[in-house]
Amino acid sequence: MKSEAEKLEPSVGVSSPYSLNVLQSLKGILSQEEELTFMNILFSSSATLRAGNFGLSRKEVEKQLQITDQDESFFSFLTRVNQAVGRYFQVIYDEKRDQVIAMMRVSARAARSTLSKESLAILLFMFYQQEVLQHEFTLFDQLLSAFGHETTKANQRLLMNIDPLKKIGAIEEYDTNSLEKAYQLTAIGANMFSDSFLHRMVEFSQSNQLSKEEVLKFFKRYNLYREEAEEKR
């Protein structure tokens with residue numbers, strides 16, 4: 001069975017002819033300023049070009065769109081871009097860093113060449129701790145206990161597999177005001193896994209079929225609570 005596309009890193013360029021066709025269709029959805037802004041976000045999100053500083057600030061995006069402090073216009077732009085190119089890209093707004101970032105969807109095979117299975121396991125562990133259990137950060141000692149306590153040179157091996165996650169902007173070091181080393185997911189890391197990937201992962205681990213809605217609710221990816229609140233208004 002052919003795997004569905006997964007998201008695994010900030011955009012590193014446009015190579016698929018299908019994605020190029022999608023970009024051509026933007027002209028019918030976005031204004032000229034919006035189209036140019038999206039292309040600039042795409043370019044500035046390249047891990048090869050701006051390692052550690054992906055994307056554009058909201059202020060810069062609003063400047064290019066010729067809007068100022070207009071939440072509705074800003075988020076409308078993000079929504080329309082994602083509706084148009086969502087099969088190949090996802091544009092997200094990292095509020096903490098105040099950065100607008102374009103992420104490219106890649107196949108599972110391509111994803112395996114981006115991250116090792118050890119790095120992927122570490123990212124999933126942190127994703128579960130911080131997105132599901134709502135922990136603010138993950139301690140290095142927790143990662144060591146989960147993945148490295150039975151291996152030789154465990155610290156070195158763990159750091160070696162954490163480094164690629166830092167390079168693609170999925171995690172960053174967290175200041176605990178102590179000597180303990182800790183890491184926190186970024187918006188990139190929190191949006192790294194597609195909904196279909198999470199669905200398959202949970203079904204595999206549980207050896208049981210689950211509805212996609214149940215899985216997304218578990219991972220707090222489904223806007224059920226937001227929708228219910230809006231309905232009550």
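In this text, all values refer to a predicted model and were calculated from it rather than measured experimentally.
Tyr183 is listed as a side-chain neighbour of Met126, based on a closest heavy-atom distance under 4.5 Å. Lys166 is listed as a side-chain neighbour of Glu173, based on a closest heavy-atom distance under 4.5 Å. Between Gln129 and Gln142, the closest side-chain pair of non-hydrogen atoms falls below 4.5 Å. Looking at Ile171 and Thr138, their side chains never come closer than 4.5 Å, going by heavy atoms from C-beta outward. Ile92 has its side chain out of reach of Val100: every pair of non-hydrogen atoms, C-beta onward, lies at least 4.5 Å apart. For the pair Ile67 and Val61, the minimum side-chain heavy-atom distance is 4.5 Å or more. The side-chain heavy atoms of Leu143 and Ile122, taken from C-beta on, include a pair separated by under 4.5 Å. Contact of the Leu56 side chain with the Gln99 side chain is not registered, since no non-hydrogen atoms from C-beta on lie closer than 4.5 Å.
Side-chain atoms of Glu35 do not come within 3.5 Å of backbone N or O of Gln32 as any donor-acceptor pair. Side-chain atoms of Arg87 do not come within 3.5 Å of backbone N or O of Arg105 as any donor-acceptor pair. A donor-acceptor distance shorter than 3.5 angstrom exists from the side chain of Asn191 to the backbone of Ala187, with no hydrogens or angles considered. Counting only distance, with no hydrogens or angles, the side chain of Ser44 and the backbone of Asn40 share a donor-acceptor pair below 3.5 Å. A donor-acceptor distance shorter than 3.5 angstrom exists from the side chain of Asn82 to the backbone of Val91, with no hydrogens or angles considered. Between the side chain of Thr186 and the backbone N or O of Ala170 there is at least one donor-acceptor pair closer than 3.5 Å. Side-chain N or O atoms of Glu172 include none that pairs as donor or acceptor with a backbone N or O of Gly169 at under 3.5 Å. Under a 3.5 Å cut-off, the side chain of Ser145 and the backbone N or O of Asp141 do not form any donor-acceptor pair. With hydrogens and angles ignored, the 3.5 Å screen pairs a side-chain donor or acceptor of Gln184 with a backbone N or O of Glu136.
Residues Leu185 and Phe127 share a closest heavy-atom pair of CD1-CA, 3.6 Å. Ile41 and Ile101 get closest at one heavy-atom pair: CG2-C, 4.1 Å. Contact detail for Ala146 and Phe125: the closest heavy-atom pair is CB-CE1, 3.8 Å. Leu165 approaches Ser119 most closely through the heavy-atom pair CD1-O, 3.7 Å.
Within a 6.0 Å radius of CD in Glu33, other residues, nucleotides and ligands contribute more than 12 heavy atoms.
At a cut-off of 3.5 Å, with distance as the only test, no side-chain donor of Thr68 or Glu62 sits close to an acceptor on the other residue. Residues Glu60 and Gln64 have side chains that bring a donor and an acceptor to within less than 3.5 angstrom of each other.
Ring-centre distance between Tyr93 and Phe74: below the 6.0 Å cut-off.
Hydrophobic cluster membership of Phe137, counting Ile, Leu, Val, Met, Phe, Trp and Tyr whose side-chain heavy atoms lie under 4.5 Å apart directly or via other members: Leu139, Tyr174.
Ion pair Asp94/Arg58 not flagged as a salt bridge, since none of the NZ, NE, NH1 or NH2 atoms sits closer than 4.0 Å to an Asp/Glu carboxylate oxygen.
Summarising the geometry, atom CZ belonging to Arg80 is positioned 8.5 Å from atom CD belonging to Gln83; distances are rounded to the nearest 0.5 Å. Taken from NZ in Lys117 to CG in Asn161, the straight-line distance is 10.5 Å, to the nearest 0.5 Å.
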